[in-house]
Amino acid sequence: GEASMSEYTHRAEELDGTSIGNVISFLWKFPDSNVCAKVIGEVRSLYISDEGITVNLTGNDAYGETTEFVLRHDSEFGYKS
């Protein structure tokens, strides 16, 4: 197959405890408006369930505040260096 040029080369099902402290990036579609945004944040905690992977992310200088996202197991994401 063709090499993917996507920066989102991982699947959410790969996220686990070792992902905490890493900065990840993924595309997020807001449910009501279908607006698409690029999310970048440091993984502070995650919870894996049948429905998906719940990640709590924080940005630079957020002083501990986090935002929660639920990713499908097959959602694509990338690690930011």
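Throughout, numbering of the chain's residues begins at 1 and tracks the sequence.
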Rounded to the nearest 0.5 Å, what separation is found between the NZ atom of Lys80 and the CG atom of Asn22? 13.0 Å
Glu65 and Thr58 have their tightest heavy-atom pair at O-OG1, 2.9 Å
Holding to salt bridge (Lys or Arg N to Asp or Glu O under 4.0 Å), I want the full list of residues that pass it with Asp74, two or more places apart in sequence or in another chain. Arg72
So, using side chain to side chain donor-acceptor pair (under 3.5 Å) as the criterion, who are the partners of Asp61 when residues are at least two apart? none
Does Asp16 CG have over 12 foreign heavy atoms under 6.0 Å away? yes
Which residues satisfy the salt bridge (Lys or Arg N to Asp or Glu O under 4.0 Å) test with Glu13, sequence neighbours excluded? Arg11
Can you list, by chain and residue number, the hydrophobic cluster partners of Val55 when the side-chain cut-off is 4.5 Å? Leu15, Ile20, Ile24, Phe26, Trp28, Phe30, Val35, Val39, Val43, Leu46, Ile48, Ile53, Leu57, Phe69, Leu71, Phe77, Tyr79
Cluster membership besides Val23, Ile/Leu/Val/Met/Phe/Trp/Tyr side chains within less than 4.5 angstrom, sorted by chain and number, is Ile40
Just to verify, what does Lys38 make a salt bridge (Lys or Arg N to Asp or Glu O under 4.0 Å) with, not counting sequence neighbours? Glu7
